[in-house]
Trainee: 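Have a look at this one before I ask anything.
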2 protein chains.
Amino acid sequence: MHKGFVKQLFNVKQITKYNIRNSLRRIFLYHGLLVRLSSMGVTRVFSFTLAGGTGVTPEQVRKDFSEYGIRGNRRGGYLTSSLLKELEALFNRDRISNVILVGMGNLGQALSKYGLFIQRGINIVATFDIDPFKQKARADDIVYPPERLQEIIDRFHVNVAIVAVPDISAQEVCNELVNMGIRGIVNFSPVLLKVPEYVVVTNVNLSDEIESVIWSVSRMKEEQSLFL
Amino acid sequence: MHKGFVKQLFNVKQITKYNIRNSLRRIFLYHGLLVRLSSMGVTRVFSFTLAGGTGVTPEQVRKDFSEYGIRGNRRGGYLTSSLLKELEALFNRDRISNVILVGMGNLGQALSKYGLFIQRGINIVATFDIDPFKQKARADDIVYPPERLQEIIDRFHVNVAIVAVPDISAQEVCNELVNMGIRGIVNFSPVLLKVPEYVVVTNVNLSDEIESVIWSVSRMKEEQSLFL
DNA sequence: CATTTTATGTGAGAAGATTCACATAATAAA
DNA sequence: TTTATTATGTGAATCTTCTCACATAAAATG
């Protein structure tokens with residue numbers, strides 16, 4: 001029985017083929033910065049502009065661009081507008097992507113109102129929750145019951161779901177979503193979701209992020225106290 | 001003038017020395033899983049238990065432990081309770097850490113109510129916002145004005161702040177926090193904060209996470225359509 | 001139009017992270 | 001007590017990522 005439990009944990013498909021490379025992660029960073037620079041009226045950027053704004057080195061920016069076949073002017077850097085277009089074409093973001101959001105607890109509600117998504121072409125077409133109390137919301141902010149998941153996934157051709165449900169129900173919700181055709185999940189619960197190999201999962205673990213900073217700070221203080 | 005702007009962007013101190021290593025990132029993952037397993041009554045774990053629950057390989061778990069001097073029983077795996085203690089001792093989490101939260105917009109409010117923090121020993125001692133409207137909250141949920149930052153940072157010996165303010169004010173808030181003694185920042189705004197080298201910043205970029213999943217899914221679909 | 005300046009693009013080397021393979025020790029079984 | 005089993009611990013090999021150095025081209029200058 002305990003053995004069975006362990007087995008189950010072990011039977012997880014690793015995402016290897018569709019793992020995001022570091023260079024592509026940074027491409028997203030550059031893109032985010034570029035969107036902001038562009039809205040500020042900056043028409044031309046250099047590798048060191050992007051590097052400084054994202055915390056990497058200029059040669060890394062160029063290397064990353066080189067990897068994805070993006071080229072600038074040997075002296076004039078990159079034109080903001082065309083670079084933006086190239087980056088967006090690179091990751092199919094030339095149009096808006098529809099996603100759904102499941103779980104309208106505190107975090108879910110915050111995410112549903114998060115203004116920066118739409119700025120980046122991420123459109124939350126519908127939000128869902130099992131709790132009937134959360135469903136009766138104001139007109140501008142409809143929360144659907146899970147029964148309507150399939151309908152809306154189909155209608156809006158949704159591939160990607162944001163999951164912000166309690167950890168106990170995360171796996172169950174995930175299974176349903178996958179059955180209904182979802183192929184990518186952004187998981188805010190602290191459990192590892194078991195999915196078929198054709199489904200991509202990215203985990204956002206808020207506790208871990210904060211813990212890592214706490215650790216770095218205390219490590220730093222320790223080292224500095226050695227010099228006293 | 002444009003030149004000046006670029007210069008400013010370039011003058012960012014890179015965190016190199018205190019950059020979190022991948023192995024340590026995973027240690028946080030193991031810890032999170034272990035907390036859950038422990039609360040489920042699991043008394044003994046194996047490298048493959050932790051591996052399966054976090055999505056890495058068993059050898060990597062062992063290698064990570066080895067790097068930080070954590071050892072198990074050659075056949076019996078690891079005792080949950082003592083492993084937990086060792087991990088927590090490793091990153092100074094044997095007691096609760098006090099942090100503050102600045103910016104009580106949608107995201108900030110959600111974070112302030114996020115139940116998993118306290119489970120992991122992260123205690124938000126106070127929340128802050130400039131908006132006086134947000135300050136007059138219910139008794140269980142006080143939001144302080146920025147004027148009281150210094151007082152509370154000193155009183156609770158706070159080193160780490162969560163910053164969830166709009167991107168326009170992020171750098172300004174960050175500067176103030178650093179002046180008041182904050183040494184670690186978890187930044188939810190999409191701007192790169194410029195900080196002295198003795199301050200640690202971790203960025204949580206929600207848009208990027210979602211975009212990366214969208215990208216992976218569409219890339220996958222593209223490849224699969226080749227086989228039709 | 002030649003020269004200088006400045007940013008890009010990239011090969012080569014270095015550093016870092018992961019996997020493999022297997023010796024080792026603790027436990028269980030005989 | 002001896003033997004068999006099973007999980008750990010870690011050097012070596014591999015694979016990935018990053019940095020350095022410099023050739024190269026575009027623009028600016030004289």
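Convention: sequence-line order gives letters A, B, ...; per-chain numbering from 1.
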Trainee: How would you label the contact of A:F65 with the nucleic acid (heavy atoms, under 4.0 Å): base, sugar-phosphate, or nothing?
Mentor: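 Since no nucleic acid heavy atom lies under 4.0 Å of A:F65, the category is nothing.
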Trainee: Give a yes/no on whether any side-chain N or O of B:S66 is located under 4.0 angstrom from OP1 or OP2 of D:dT10.
Mentor: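 Yes, B:S66 has a side-chain N/O under 4.0 Å of OP1/OP2 on D:dT10.
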Trainee: Determine, for A:E86 against A:R71, whether the closest basic-nitrogen to carboxylate-oxygen distance falls under 4.0 angstrom.
Mentor: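 Salt bridge flag = no for A:R71 with A:E86.
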Trainee: Rounded to whole Å, please give me the gap between CD in B:Q60 and P in D:dA13.
Mentor: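 About 20 Å, once rounded to whole Å.
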Trainee: In whole angstroms, how far is the P atom of C:dA15 from the CG atom of B:N22?
Mentor: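 One finds 18 Å between P of C:dA15 and CG of B:N22, rounded.
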Trainee: Base, sugar-phosphate alone, or nothing: which one does B:R26 contact when heavy atoms must sit under 4.0 Å apart?
Mentor: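 Sugar-phosphate, no base atom in range.
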Trainee: Which nucleotide sits closest to the side chain of A:F48: C:dA7, C:dT19, D:dT10?
Mentor: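 Within the option list, the nearest is C:dA7.
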Trainee: What is the separation between atom CD1 on A:I70 and atom C1' on C:dT10, rounded to the nearest whole Å?
Mentor: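 These atoms are roughly 16 Å apart.
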Trainee: To the nearest angstrom, how far is A:R71 atom CZ from D:dT24 atom P?
Mentor: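 Those two atoms, CZ and P, are 14 Å apart.
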Trainee: Any idea how B:F117 and B:Y114 line up, ring-wise: parallel (<30°), tilted (30 to 60°), or perpendicular (>60°)?
Mentor: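 B:F117 vs B:Y114 ring planes: perpendicular.
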Trainee: Round to a whole Å and report the spacing from CZ of A:R44 to P of C:dT6.
Mentor: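 Distance check: A:R44 CZ to C:dT6 P gives 15 Å.
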Trainee: Can you tell me the distance, in whole Å, between the CZ atom of A:R25 and the C1' atom of D:dC18?
Mentor: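 For the pair A:R25 CZ and D:dC18 C1', the rounded distance is 18 Å.
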Trainee: Name the pairs: protein N/O against N/O of nucleotides 20-26 of chain C, kept only if under 3.5 Å.
Mentor:
| unit_1 | atom_1 | unit_2 | atom_2 | d |
| --- | --- | --- | --- | --- |
| C:dT24 | O2 | B:R74 | NH1 | 2.3 |

Trainee: Rounded to whole angstrom units, what separation is found between the CD atom of A:E67 and the P atom of D:dT19?
Mentor: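 The distance from CD of A:E67 to P of D:dT19 comes to 15 Å, rounded to the nearest Å.
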Trainee: Do B:I162 and B:I100 have side-chain heavy atoms sitting under 4.5 Å apart?
Mentor: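 A side-chain contact is absent here, since even the closest heavy-atom pair is not under 4.5 Å.
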Trainee: For residues 23-39 of chain A, pull every pair meeting salt bridge (Lys or Arg N to Asp or Glu O under 4.0 Å), keeping only residues two or more places apart or in separate chains.
Mentor: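 For residues 23-39 of chain A: A:R25-B:E209, A:R26-A:D64.
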Trainee: Quick check for you: to the nearest 0.5 Å, what is the distance between B:L206 atom CG and B:S189 atom OG?
Mentor: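 Between B:L206 CG and B:S189 OG, I get 11.0 Å after rounding to 0.5 Å.
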Trainee: Please report the distance, rounded to the nearest Å, between CZ in A:F46 and P in D:dA26.
Mentor: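 That distance rounds to 15 Å.
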Trainee: With a 3.5 Å cut-off and no angle check, do the side chains of A:Y30 and A:T54 form a donor-acceptor pair?
Mentor: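 The answer is no; no qualifying pair exists.
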Trainee: Return a table of donor-acceptor pairs under 3.5 angstrom between the side chains of residues 73-81 of chain A and protein atoms on other chains or two or more places apart.
Mentor:
| unit_1 | atom_1 | unit_2 | atom_2 | d |
| --- | --- | --- | --- | --- |
| A:T80 | OG1 | A:V42 | O | 2.9 |
| A:T80 | OG1 | A:T43 | O | 2.9 |
| A:T80 | OG1 | A:R44 | N | 3.1 |

Trainee: Does a side-chain N or O of B:Y78 approach OP1 or OP2 of D:dG9 to a distance below 4.0 Å, or not?
Mentor: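 It does, given that an N or O in the side chain of B:Y78 lies less than 4.0 Å from OP1 or OP2 of D:dG9.
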